[in-house]
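For the single chain, residues carry numbers from 1 onward in sequence order.
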Amino acid sequence: MINLFEYQNKIDIQDSFKGLEGFLDEIWNSREKNSFYSKNENDKIESQRFLQFIHKSNELKSNKYVGVIHYEGNKINLLPKIFFDPEKDYSKNEVNQIQNHILWWLSYCRKIKFPNYQVSLGSAKSDFFEVLIYLFSKYTRELLNSSIYQQYEEVNRELSFIKGRLNTNEYINENLSKGKWHKLNCTYDAFVFDNEFNRIIKYVTTLLFNVTSSQDNKKNLREILFILDEVTDERATAEQCSRISFNLMFGEFETVRDYCQLFLTNCISFDYKNDLKLFAFLLPMEYVFEDFIFGFIEKELEAVKAKSQRSDTYLDEGKAFNLKPDLWLKTNDKSLIADTKYKIVYSDEKDPKKGISQNDLYQMLAYAVRFEVNEIILFYPNTIKQVQEEETELIIKDALADGKEISIKAFQLPIINRELLENNIETKTNLSELFKSTREGLISKVEKILK
């Protein structure tokens with residue numbers, strides 16, 4: 001097992017990594033264009049940006065993505081930089097707990113559509129990817145055992161009686177002209193089991209069955225495939241999932257749909273050089289952090305109204321430069337703008353800027369002027385090496401507005417549970433219980449900031 005932290009540590013490129021760069025290029029170009037990648041300069045880049053291959057020194061380094069890569073028997077964990085400590089040799093339990101943090105963050109995300117986190121995590125030996133498969137397979141198997149999804153779909157069949165609509169042209173050309181006058185070509189709506197959604201479930205289940213190494217997961221997935229045995233095998237996409245909706249009778253299947261969309265959007269597994277043991281599940285961490293903070297405030301702080309990426313304001317009168325702050329927050333007393341920055345700050349005590357970049361400051365000043373607010377907040381993550389969360393306030397006087405003061409505050413948010421990294425997780429521990437203290441601490445911190 002290889003652990004790489006974003007932009008931090010390096011490892012030597014092994015002989016078994018031959019072909020890995022080409023594999024990642026295929027993933028980069030085949031990835032689903034979800035909301036994380038839309039309107040992004042990355043769309044124009046053809047070579048992969050998951051890992052840095054430093055050929056001059058024959059080293060490998062991680063970029064801004066977190067997740068897992070399976071390649072030729074190697075498992076590469078890509079982990080958040082905020083957990084990196086160069087003096088630490090991470091145990092398997094610590095890596096699992098870091099991955100549990102990612103799962104907890106994802107449980108609040110809106111763009112990723114991570115479903116139903118109030119469930120058991122299963123075995124403590126499971127890694128990040130195996131836990132995701134476990135959650136999907138367990139929930140889907142239990143649901144299909146108690147309820148079968150059927151829906152109306154348009155069907156074309158030859159019948160001995162008229163049902164629905166008679167296809168006159170087809171009947172004359174294909175049946176009547178060939179002496180099959182007694183066979184009627186009809187189109188009608190049928191309540192079918194072999195429908196688009198069940199075909200999506202079967203495709204995702206087959207994909208996961210080929211890559212999981214957990215026998216428990218294989219057992220659950222095998223049961224799902226058995227139930228869906230009569231469903232047609234057909235390739236599916238995340239776009240298909242986004243088009244599917246359910247009535248109240250089948251509301252529980254929304255979670256299954258969201259799992260399918262999660263896997264199809266962020267996973268790549270295909271017959272690359274006739275090897276099905278290649279798999280990648282990768283997420284851009286800066287967008288995960290942004291989406292987590294928005295989702296957390298929206299869900300946990302009822303007194304705060306949050307709006308994500310308001311985009312109705314421009315910097316210039318010609319409307320060429322669109323301003324899109326991450327969060328527009330409104331409390332009973334005030335409105336303010338908040339921006340998330342997934343960066344390590346306050347790492348150098350001698351730095352008067354505390355790691356806050358000048359570009360970030362200019363960006364916040366533009367927000368304050370155009371949105372006519374006098375308070376801007378920057379949210380940064382805390383890190384494993386810092387015992388206490390830091391905060392900074394900068395006061396800027398706007399000479400063009402009669403010396404109006406603009407307050408720009410920067411805060412580190414406590415999104416890490418340090419105690420968790422030191423303890424072994426119990427079997428079937430609930431994520432919400434696991435991060436109960438972290439949730440309460442984060443709610444208290446954000447409420448204090450917004451007072």
Next on the checklist: Under 6.0 Å between ring centres: does that hold for Phe197 and Phe250?
Outcome noted: no
Checklist entry - For residues Gln240 and Tyr203, is any side-chain donor paired with an opposing acceptor at under 3.5 Å? => result no
Next on the checklist: Does Leu132 form a side chain to side chain contact (heavy atoms under 4.5 Å, CB included) with Leu103? I'd like the steps, not just the answer.
Outcome noted: CA-CA 8 Å; Leu132 285 171; Leu103 289 172; 3.6 Å; yes
Checklist outcome for this item: Of all heavy-atom pairs linking Leu301 and Leu450, the shortest is CD2-CD1, 4.5 Å
Checklist entry - So, Asn77 and Gln99: side-chain donor and acceptor under 3.5 Å apart, yes or no? => result yes
Checklist entry - With a 4.5 Å heavy-atom cut-off, do Ser214 and Ile133 have their side chains touching? => result no
Checklist entry - Aromatic ring centroids of Phe296 and Trp105 under 6.0 Å? => result no
Item to check | Beyond-backbone contact of Phe136 with Thr255, side-chain heavy atoms, under 4.5 angstrom | outcome: no
Checklist entry - Taking the side chain from Asn195 and the backbone from Phe193, do they hold a donor-acceptor pair closer than 3.5 Å? => result yes
Next on the checklist: Between Phe17 and Ile2, is the side chain to side chain contact (heavy atoms under 4.5 Å, CB included) condition met? List the steps.
Outcome noted: CA-CA 12 Å; Phe17 289 171; Ile2 299 165; 3.4 Å; yes
Item to check | Nearest heavy-atom neighbours spanning Tyr65 and Leu78 | outcome: O-CB, 3.4 Å
Item to check | From CA spacing to verdict: side chain to side chain contact (heavy atoms under 4.5 Å, CB included), Phe289, Ile82 | outcome: CA-CA 11 Å; Phe289 178 64; Ile82 59 176; over 6 Å; no
Checklist entry - Are any of the side-chain heavy atoms of Glu298 and Phe294 separated by less than 4.5 Å? => result yes
Next on the checklist: For a 4.5 angstrom cut-off between non-hydrogen side-chain atoms, does Asn382 reach Ile415?
Outcome noted: yes
Next on the checklist: Donor-acceptor check, side chain of Thr206 to backbone of Lys202, threshold 3.5 angstrom: yes or no?
Outcome noted: yes
Checklist entry - Under 3.5 Å, is there a donor-acceptor pair between the side chain of Ser177 and the main chain of Asn173? => result yes
Next on the checklist: Show the nearest heavy-atom pair for residues Pro80 and Val66, with the distance to one decimal.
Outcome noted: N-CG1, 3.7 Å
Checklist entry - CD/Glu447 to CD/Glu300 distance, rounded to the nearest 0.5 angstrom? => result 10.0 Å
Next on the checklist: So Tyr342 and Lys64, do their side chains get closer than 4.5 Å, heavy atoms only?
Outcome noted: no
Checklist entry - More than 12 foreign heavy atoms under 6.0 Å from NZ of Lys18: is that the case here? => result no
Item to check | Trace of the salt bridge (Lys or Arg N to Asp or Glu O under 4.0 Å) decision for Glu142 with Lys138 | outcome: CA-CA 6 Å; Glu142 291 175 352; Lys138 182 175 183 290; 3.1 Å; yes
Next on the checklist: For Phe209, does the six-membered ring have the charged nitrogen or CZ of Lys218 within the cation-pi criterion, i.e. under 6.0 angstrom from the centroid and within 45° of the normal?
Outcome noted: yes
Checklist entry - Does CD in Glu252 sit with more than 12 non-hydrogen atoms of other residues, nucleotides or ligands closer than 6.0 Å? => result no
Checklist entry - Is there a donor-acceptor pair closer than 3.5 Å between any side-chain N or O of His101 and the backbone N or O of Ile416? => result no
Checklist entry - Distance-only, no hydrogens or angles: does the Asn198 side chain make a donor-acceptor pair with backbone N or O of Asp194 under 3.5 Å? => result no
Next on the checklist: Tyr149 vs Phe246, test: ring pair (Phe, Tyr, Trp, His ring centres under 6.0 Å). Steps then yes/no.
Outcome noted: CA-CA 10 Å; Tyr149 179 74; Phe246 303 93; 5.4 Å; yes
Checklist entry - With a 4.5 Å heavy-atom cut-off, do Thr140 and Thr205 have their side chains touching? => result no
Checklist entry - Taking Ser242 for the side chain and Glu239 for the main chain, is one N or O donor matched with an acceptor at less than 3.5 Å? => result yes
Checklist entry - So, the side chain of Tyr171 versus the backbone of Trp181: is there a donor-acceptor pair under 3.5 Å, distance only? => result yes
Next on the checklist: Donor-acceptor pair, distance only, cut-off 3.5 Å: does the side chain of Glu6 make one with the backbone of Lys81?
Outcome noted: yes
Next on the checklist: Check this for me, if you would: do Glu223 and Lys219 make a salt bridge, where the nitrogen-to-carboxylate-oxygen distance has to be below 4.0 angstrom?
Outcome noted: no
Checklist entry - Are the charged groups of Lys183 and Glu158 less than 4.0 angstrom apart, N to O? => result no
Checklist entry - What is the ring orientation for Tyr90 with Phe5, classed by angle as parallel under 30°, tilted 30 to 60°, or perpendicular over 60°? => result tilted
Item to check | Nearest-0.5 Å distance that lies between atom CG in Leu166 and atom CG in Asn185 | outcome: 7.5 Å
Checklist entry - Closest approach of Pro381 and Lys343, non-hydrogen atoms and distance? => result CD-O, 3.6 Å
Checklist entry - Is a donor on one side and an acceptor on the other found under 3.5 Å between the side chain of Thr340 and the backbone of Phe379? => result no
Checklist entry - Would you call Ser160 and Leu184 a side-chain contact if the rule is heavy atoms closer than 4.5 Å? => result no
Checklist entry - Mind checking whether Ile76 and Ile11 have side chains closer than 4.5 Å, heavy atoms only? => result no
Next on the checklist: To the closest 0.5 Å, what do you measure between CD1 (Ile13) and CZ (Phe53)?
Outcome noted: 6.0 Å
Item to check | Closest non-hydrogen atom pair, Val288 against Cys109 | outcome: O-SG, 3.8 Å
Checklist entry - What's the shortest heavy-atom distance between Tyr380 and Asp360, and which atoms? => result OH-OD2, 3.7 Å
Item to check | CG on Leu207 to OG1 on Thr212, rounded to 0.5 Å | outcome: 11.5 Å
Next on the checklist: As a quick check of understanding, evaluate side chain to side chain contact (heavy atoms under 4.5 Å, CB included) for Ile244 and Ile200, giving each step before the final call.
Outcome noted: CA-CA 11 Å; Ile244 292 175; Ile200 291 172; 3.5 Å; yes
Checklist entry - Under 3.5 Å, side chain of Asp339 to main-chain N/O of Asp326, donor-acceptor pair present? => result yes
